[in-house]
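When a ligand or atom number is given, it counts from 1 through the structure's own listing order. Everything numeric in this text was worked out from a predicted model, so none of it was measured. Here, residue 1 is the first one in the sequence, and each next residue gets the next number.
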Amino acid sequence: MLTLVTGTTGQVGRRFVPRLLAQAGPQERVRVLVRDAARGERFAELGAEVVLGDLRDEAVLGKAVAGVDAVVNVAASFRGVPDDEAWAVNRDAALDLGRAALASGVQRFVQVSTGLVYGLGRGRPLTEDDESRPGGGMWGAYPAAKAEAERGLLALAGLDVRIGRLAFVYGEGDPHLAQSLRWAGSWAAGQRLQMVHHADVAQGLLRLLHAPGVAGRSYNIADDAPVTAVELHQLNGVDVPAALYERTDPEPFLQMTSTDRIRRELGYRPVYPSVYAARAAGAL
Ligand SMILES: NC(=O)c1ccc[n+]([C@@H]2O[C@H](COP(=O)([O-])OP(=O)(O)OC[C@H]3O[C@@H](n4cnc5c(N)ncnc54)[C@H](OP(=O)(O)O)[C@@H]3O)[C@@H](O)[C@H]2O)c1
């Protein structure tokens, strides 16, 4: 079995690939798509095949999927990029990759998505059957493009697509936990962020990749204990601004997702059920 992984130079992919390789049997191989040859060397050293190129280049997609059995599409463009790039990578290139995979006989396609696709809150934890409702403070080209990519991929008849919707990812030196203050600094004191540690992102994606009989299913991947804006400041060793206590949380369940489905159907159990468990284990 040959698995193609995209986005491996990013925060999620660089931590996922070593775990994918670590659990691979003797017949299982991994190929990565990277844009920069020098940044691909690390993956070659780990034992992966490296294909060079940009996801928006259809000729590259053909090379990347040739002979592949499964794809894990981790790549995305969302960190401070213009909207046209967010659409081009997160929707158009993801769909082109899905079509290339289908044409090449790929059997499984895991699409890495985001809990932001739900948009507006619904006064309770969001389940995978909830439709995307555009809007809310975090809505924009990125979640909109990811939501359309999900729909487009699931509509590709003949391709076994599985969607993993990640919460806010942190851990293992990822600066994301510190960056959370960019948002949490303007929240109400009790407003919560749902997170997931890199170890559990990898666990979730591996379960999606290997599970039989879940074609067309979507799964939320998150931990058990969303943290408040106050705790995010404390975790980062930053004084809590007084203004947080003057605001009220407009929607306590905004972007809170249920993990019931992935627990029940795929046996997912967070290694780090909370950021405090990860901190105690030295895994921040
Ligand atoms: N981090 C989170 O909190 C979070 C939360 C929810 C969902 N997600 C999802 O998780 C996935 C990974 O996120 P991340 O945090 O690892 O993002 P990241 O650190 O920004 O990494 C993005 C990856 O995608 C690659 N990429 C971007 N545009 C590309 C293109 N045109 N062609 C080829 N590769 C391209 C980047 O390659 P270069 O290094 O060459 O730029 C990089 O490897 C994404 O699908 C994202 O939507 C992440």
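- With rounding to the nearest 0.5 angstrom, the CG atom of Leu181 is 10.0 Å from the CH2 atom of Trp187.
- Ranked by closest heavy atom to atom 34 (N) of ligand 1, the top entry among Glu85, Arg35, Gln179, Gln11 is Arg35.
- Nearest to atom 27 (C) of ligand 1 by heavy-atom distance, out of Ala88, Ala76, Ala75, is Ala76.
- The only option from Leu4, Asn73, Asp160 that meets the side-chain contact (heavy atoms from CB on, under 4.5 Å) definition with Phe109 turns out to be Asn73.
- At least one heavy atom of Tyr142 sits closer than 4.0 Å to an atom of ligand 1.
- Side chains of Thr3 and Glu28: no donor on one and acceptor on the other come within 3.5 Å.
- Comparing Leu205, Val34, Val74, Val12 against atom 11 (C) of ligand 1, the shortest heavy-atom distance belongs to Val74.
- Distances below 4.0 Å separate heavy atoms of Val89 from the following atoms of ligand 1: 28 (N), 31 (N).
- Checking Arg79, Lys146, His198 against atom 1 (N) of ligand 1, the nearest heavy atom belongs to Arg79.
- Residue contacts with ligand 1 include Ser113, since one or more of its heavy atoms lies under 4.0 Å from the ligand.
- Aromatic ring centres of His197 and Tyr170 lie closer together than 6.0 Å.
- Side chain of Arg269 to main chain of Arg263: a donor-acceptor pair is present (N/O by atom type, distance under 3.5 Å, no hydrogens or angles).
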